[in-house]
Amino acid sequence: MPNIISVEQFNKNEVEKILLEASHMEEKCLSGKNLNILENKIVACIFFEPSTRTRLSFETAAIKLGAKVISVENAQESSSTFKGETIEDTTRILCSYADIIVMRHPKEGSAEKAVSVATKPIINAGDGSNQHPSQAFLDLYTIKKEHGHLDNLNIAFAGDLLHSRTLHSLVPLLMMYPNNTFYFISPLELALPKEYTDELRGKGVSFKEMNSLKEGLSDAEVLYMTRVQKERFEKLEDYEKVKDLFLLKVEDLKDMKEKSIIMHPLPRVNEIDPEIDKDPRAAYFRQAQNGLYIRMALLPYALEA
Ligand code: CP
């Protein structure tokens, strides 16, 4: 059963197939073609953490493909988890109603727990700071669409690299492509965890760690901003210390290449001045739109439809 839990489960060939399928989905959407390939399927979306893009784009993808959707938002409080039901029991019940389960949860490893009892495919829509594979696919799709290639790029990641599940999924995918150089820009306390830098070193991938946004701007073909994730901090005072350290301002754009792009998984809080939205390099809303096409490719992939 093709669950989608972590990007580590995909080889480059499979990644390329998913990107190609997403481009077919985009073409079909834009041409208004009928896409009833998931007719008679039921997609369950259960989100134990807030979401705008992931949940609604999965649901839109399901509807566009002819499926029906059952959905639980705010599941910590509105599902029987509130009464103490385990993730395993919730999963067993959902599998008896739906054909596939899209799940977001604040705890790392929750998607794997769900898989351990599931009789239907599970898509991990984000588990704590661990993985967010569908976001990484849409990010990859965006870079390919914007730049035309996924190799020979300087890619700067800035902000909360410690907690960003988006980044933890995207970096391994980008490592599949040759001659990319990564710039990891963060305060020391939000640096990329050692397991990722060890892997980059082990694979001979070029990267630099820095703590000033200015240092990374001029080389980057992709600047990937991230939100400082308040919900992952144990102490509010620790969050307050770092929350506003990286704000991309209009004047910073003059240091960036004309052909660079600015990405952000969104939501943004105080990382990108909204004035930058007008600049053609601001790719983050196009990026969010691409989430629909990627999720239209991933649902049939997991359902083997
Ligand atoms: N990028 C992302 O996961 O957005 P949501 O939290 O709105 O789903």
Side-chain angles (χ1 to χ4, degrees), residues 4-7 18 22 43-64 69 71-78 100-108 110-111 122-143 145-146 155 157-174 190 222-233 239 243 246 248 261-272 274 277 282-299:
I4 301 176
I5 303 304
S6 163
V7 294
I18 288 166
V43 176
C45 291
I46 182 158
F47 278 58
F48 296 88
E49 269 193 338
S51 168
T52 297
R53 280 144 290 272
T54 311
R55 187 169 69 86
L56 295 178
S57 62
F58 263 117
E59 293 185 8
T60 307
I63 292 164
K64 279 188 175 282
V69 175
S71 185
V72 192
E73 57 174 317
N74 194 15
Q76 295 281 26
E77 289 181 13
S78 70
I100 184 165
I101 291 121
V102 180
M103 180 183 286
R104 170 172 288 184
H105 200 283
K107 284 222 174 76
E108 293 81 3
S110 300
I122 304 286
I123 297 184
N124 180 6
D127 62 327
S129 300
N130 183 32
Q131 284 276 312
H132 192 350
S134 66
Q135 177 73 43
F137 276 110
L138 79 87
D139 292 341
L140 211 61
Y141 185 71
T142 300
I143 297 171
K145 247 174 96 174
E146 300 275 336
I155 304 154
F157 296 97
D160 185 351
L161 313 188
L162 174 65
H163 299 115
S164 174
R165 56 191 174 202
T166 295
L167 190 83
H168 302 164
S169 290
L170 179 57
V171 169
L173 289 186
L174 283 166
L190 297 180
V222 177
L223 172 63
Y224 194 108
M225 301 296 293
T226 63
R227 175 178 66 91
V228 178
Q229 299 196 9
K230 186 178 180 183
E231 65 274 28
R232 311 269 179 240
F233 285 76
Y239 167 71
K243 72 181 170 74
F246 293 132
L248 190 68
I261 56 168
I262 303 159
M263 297 177 68
H264 192 308
L266 304 176
R268 68 176 151 182
V269 181
N270 193 24
E271 303 85 46
I272 301 177
D277 299 355
Y284 29 91
F285 294 120
R286 300 193 290 275
Q287 180 185 355
Q289 170 82 35
N290 290 334
L292 175 62
Y293 311 128
I294 278 293
R295 288 165 180 138
M296 286 177 77
L298 291 178
L299 285 171

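Counting starts at 1 for both ligands and their atoms, in listed order.
Residues D277 and R268 have side chains in contact (heavy-atom distance under 4.5 Å, counting atoms from C-beta outward).
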side-chain hydrogen bond (donor to acceptor under 3.5 Å, both in side chains) between R227 and H264, worked out: CA-CA 8 Å; R227 175 178 66 91; H264 192 308; over 6 Å; no
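Under a 4.0 Å criterion applied to the non-hydrogen atoms of L266, ligand 1 contributes the atoms 1 (N), 2 (C), 4 (O). Heavy-atom proximity to Q135, at under 4.0 Å, picks out these atoms of ligand 1: 1 (N), 2 (C), 3 (O). The distance from ligand 1 to the heavy atoms of H132 drops below 4.0 Å at these ligand atoms: 3 (O). Here is the list of ligand 1 atoms found below 4.0 Å of a heavy atom in T52: 5 (P), 7 (O), 8 (O).
For E49, the closest heavy-atom approach to ligand 1 does not fall below 4.0 Å.
Stacking of R295 on the aromatic ring of F58 is recorded, both the 6.0 Å distance cut-off and the 45° axial limit being met.
Across L161 and H168, no two heavy atoms sit closer than the pair O-NE2, 2.9 Å.
Compare S51, G126, A125, A288 by their heavy atoms: the one nearest to atom 8 (O) of ligand 1 is in S51. When R55, R104, Q287, R227 are checked for heavy-atom proximity to atom 6 (O) of ligand 1, R104 turns out nearest.
A donor-acceptor pair is defined here as one N or O able to donate and one able to accept, closer than 3.5 Å; such a pair exists between the side chain of E108 and the backbone of S129.
With respect to the salt-bridge test (charged N to carboxylate O, under 4.0 angstrom), the residues R232 and E49 qualify.
The N/O atoms of P267, backbone and side chain alike, include none that comes under 3.5 Å of an N/O atom in ligand 1.
R53 NE, 3.1 Å is the protein heavy atom nearest to atom 4 (O) of ligand 1.
Of the heavy atoms in T166, none comes closer than 4.0 Å to ligand 1.
With sequence neighbours excluded, the residues that form a side-chain contact (heavy atoms from CB on, under 4.5 Å) with P265 are Q135, T166, Y224.
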